[in-house]
Amino acid sequence: MSEVPMSKSTTNYRPETRLVHSGTLRSQYGETSEALFLTQGYVYDTAEQCEARFKGEDPGFIYSRYSNPTIAMFERRMIELEGAEAARSAATGMAAVTTAILAPLKAGDHVVASRALFGSCLYVIQDLLPRYGIETTLVDGLDLDQWQRAVRPNTKTFFLESPTNPTLDVLDIPGIAEIAHKGGARLVVDNVFATPIWQSPLALGADVVVYSATKHIDGQGRCLGGIILSSEAFIAEHIHNFMRQTGPSISPFNAWVLLKGLETLGVRVRAQTDTAARIADVLASHPKISRLVFPGRADHPQAALVKKQMRGGSTLVGFEVKGGKAAAFRVLNELKLAKISNNLGDAKSLVTHPATTTHQRLKPEDRAALGISEGFIRFSAGLEHADDLIEDLTAALEKA
């Protein structure tokens, strides 16, 4: 994991400043914008230096599957933003999730996870891990007693996302972390929906935090990426060698795009959250809506917990259209500004029907238990003017 040193730490500054300055590594040319190092490998002055580099005795880079100056800058910026000790970035968000969960485990271990997960995360927990002899248990993430009852002597990992996808439930991270640690397990939190602007899982007791950087961190629909943040020991012992040998590595170009995305993350997330809040206020009393979920509202089911562990609401709104799938589809098809997509956190407002997209592989009864009805729509607020989005939504709802 030997790398060249970065610029002076910026952890004494506020998050907005860290998003612009953290992790900068300037070349001999003193560039303003971070340099893009499109290289696979590196050369050495002597055979002795090459040997020392591979032994980790000489600081520097070896091969871009292991690390790269641009990738290292992205990781360092996220480390200082998140308050982590170390990080490793990955090609996609799911590569980050899969690596964070799978890399430390072996046959005979046990994982407990919240039932309310993104479809691909459920696949990892329910289908992939058992193929390798790893036992798994799904629980109602909102019920601390279920987490406690699920702990076994061989339990090694707890996994959750909060707010959840797509119903925006907020789980008690400190409470779940306490149960995990008493049972000798680590807690891995997918923090995508909260973003590092509104929630800091490591400070709340989590051991590992993962992101799909494809979402808000890029925020403009340009590239894929993911990242795992944790302690130096966890990254060194479990993650770095796994990624080095199996290769779910991010490309330097994507890391550079994500670096530039981080510079505006705070501005974008705050504006999108404000817009989402205005949309939620309008839709909450709309006659065509039977249920509205937004973490920033007093009527959110876990409103007290939101105030306790989050600094803000969300860029997403969930709402249920009366009339089921047919009515929901009519709304989606009538929208002019918000585009139908399974992505989120983009500068453009995006809308999806989870029952037929992100969670379509679930049985109808399992979707119903999670609150994903046929009329449920997930709305990801973009950077358009809030009034234009509200007018677009209300006009579309008239067709429901």
Side-chain angles (χ1 to χ4, degrees), residues 1 11 75-76 78-90 93-106 108-118 121 124-125 129 134-139 141-142 144 146-148 150-164 170-196 198-213 226-243 248 305 308-311:
M1 294 177 66
T11 53
E75 291 169 349
R76 175 51 56 182
M78 285 296 300
I79 286 167
E80 296 196 10
L81 175 65
E82 196 71 36
E85 292 179 358
R88 275 292 175 263
S89 48
M94 282 311 305
V97 168
T98 304
T99 300
I101 295 173
L102 181 61
L105 300 177
K106 64 182 185 303
D109 288 343
H110 176 237
V111 173
V112 184
S114 169
R115 189 173 286 109
L117 294 174
F118 173 57
C121 294
V124 171
I125 299 297
L129 295 183
I134 299 167
E135 301 172 322
T136 64
T137 300
L138 292 174
V139 299
L142 297 171
L144 293 181
Q146 288 197 28
W147 289 98
Q148 183 64 65
V151 176
R152 305 175 187 172
N154 60 335
T155 302
K156 302 299 181 183
T157 297
F158 278 19
F159 177 65
L160 63 87
E161 58 186 45
S162 181
T164 61
V170 175
L171 278 58
D172 185 348
I173 294 174
I176 296 167
E178 183 178 357
I179 295 169
H181 297 157
K182 284 182 178 178
R186 69 182 63 87
L187 173 60
V188 180
V189 174
D190 182 337
N191 201 42
V192 167
F193 273 36
T195 82
W198 294 142
Q199 186 168 262
S200 301
L202 298 179
L204 294 169
D207 302 284
V208 185
V209 60
V210 295
Y211 288 99
S212 171
I227 192 162
I228 307 163
L229 300 112
S230 186
S231 66
E232 186 71 51
F234 179 82
I235 296 295
E237 181 179 353
H238 299 296
I239 303 303
H240 179 68
N241 194 50
F242 181 94
M243 296 190 70
L305 187 57
K308 180 180 177 182
Q309 72 180 35
M310 297 181 70
R311 295 180 290 273

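Remember, it's a predicted structure, so these values are computed and weren't measured experimentally.
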Hey, is the main chain of D207 close enough, under 3.5 Å, to the side chain of S230 for a donor-acceptor pair?
yes
Measure from the side-chain N and O atoms of R88 to the backbone N and O of H240, and report whether any donor-acceptor pair falls under 3.5 Å.
no
Is there side-chain contact between V151 and F158, with at least one heavy-atom pair below 4.5 Å?
yes
Treating R311 as the side-chain partner and P196 as the backbone partner, does any N or O pair qualify as donor plus acceptor under 3.5 Å?
yes
Nearest non-hydrogen partners of M310 and A194, listed with the distance
CE-CB, 4.0 Å
Hey, does T137 have a side-chain heavy atom less than 4.5 Å from the side chain of R152?
yes
With a 4.5 Å heavy-atom cut-off, do V97 and I228 have their side chains touching?
no
When you measure from the side chain of T155 to the backbone of H110, do you find a donor-acceptor pair of N or O atoms at a distance under 3.5 Å?
no
What's the spacing between L117 CG and D190 CG if we round to 0.5 Å?
8.0 Å
Specify the closest pair of heavy atoms between V170 and P163, including all atoms of both residues, with the distance to one decimal.
CG2-CG, 4.1 Å
So how far is it from S114 OG to L142 CG, rounded to the nearest 0.5 Å?
7.0 Å
Got a donor-acceptor contact below 3.5 angstrom from the D172 side chain to the G175 backbone?
yes
Distance-only, no hydrogens or angles: does the H181 side chain make a donor-acceptor pair with backbone N or O of A177 under 3.5 Å?
yes
pair F159-L187: side-chain heavy atoms closer than 4.5 Å:
no
Is a side-chain donor or acceptor of N154 paired with a backbone partner of G108 at a separation under 3.5 angstrom?
yes
Do E80 and T11 pass the side chain to side chain donor-acceptor pair (under 3.5 Å) test, and can you show the C-alpha distance, the side-chain angles, and the key distance before you say yes or no?
CA-CA 6 Å; E80 296 196 10; T11 53; 5.5 Å; no
To the nearest 0.5 Å, tell me how far I173 CD1 sits from L204 CG.
5.5 Å
I need the minimum non-hydrogen distance between T99 and M243, along with the two atoms involved.
CG2-CG, 3.9 Å
Are E85 and S231 close enough that a side-chain donor and a side-chain acceptor fall under 3.5 Å?
no
Heavy-atom closest pair, residues A150 and V112
CB-CG1, 3.8 Å
Is there a side-chain contact between V208 and V189 in this structure, where contact means two heavy atoms from C-beta onward sitting under 4.5 Å apart?
no
Which pair of non-hydrogen atoms, one from A96 and one from V210, has the smallest distance, and what is that distance?
O-CG1, 4.0 Å
Check whether any side-chain heavy atom of S212 sits under 4.5 Å from a side-chain heavy atom of M94, and report yes or no.
no
Is S162 reaching over with its side chain to a backbone N or O of T164, donor-acceptor style, under 3.5 angstrom?
no
Under a 3.5 Å distance rule, please check whether W147 uses its side chain to pair with a backbone N or O of I179 as donor and acceptor.
no
Going by heavy atoms in the side chains, are E82 and V209 under 4.5 Å from each other?
yes
Residue pair R186 / P104, side-chain heavy-atom distance below 4.5 Å
yes
Could you report the tightest heavy-atom contact between Q199 and N191, atom names first, then the distance?
NE2-OD1, 2.7 Å
Sub-3.5 Å donor-acceptor pair from the side chain of E161 to the main-chain atoms of F118, do we have one?
yes
Rounded to the nearest 0.5 Å, the CG atom of L171 sits from the CD1 atom of I176 at a distance of 4.5 Å
Would L229 and M78 satisfy side chain to side chain contact (heavy atoms under 4.5 Å, CB included), going step by step from the backbone distance to the final call?
CA-CA 8 Å; L229 300 112; M78 285 296 300; 3.9 Å; yes
